[in-house]
Amino acid sequence: MKTFIFDVDGTLLDTEAMYMKSLQAILHERGIERSYAELATTFGILVKTR
């Protein structure tokens with residue numbers, strides 16, 4: 001192997017939205033409603049405000 005690519009999330013792929021929406025869906029199935037911003041805060045993700 002001559003080349004190895006290591007991606008810290010957000011460098012090449014931004015997967016935050018994918019796993020946060022998946023988490024929301026799983027919680028919803030279990031009757032737990034949480035906003036994206038609320039979940040993001042739990043994981044220490046800064047939510048961009050407009």
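For reference, positions follow the sequence shown, starting with 1. Given the structure is predicted, the values throughout are model-derived calculations rather than measurements.
Under the 4.5 Å side-chain heavy-atom criterion for Ile, Leu, Val, Met, Phe, Trp and Tyr, Y36 and M18 are members of distinct hydrophobic clusters.
Rounding to the nearest 0.5 angstrom, the gap separating the CD atom in E38 from the CG atom in L27 is 10.0 Å.
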If you apply the rule side chain to side chain contact (heavy atoms under 4.5 Å, CB included), what do you find for L39 with Q24, and how did you get there? CA-CA 8 Å; L39 292 174; Q24 275 183 310; 3.3 Å; yes
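Residues I32 and R34 meet the side-chain proximity criterion, which asks for heavy atoms closer than 4.5 Å.
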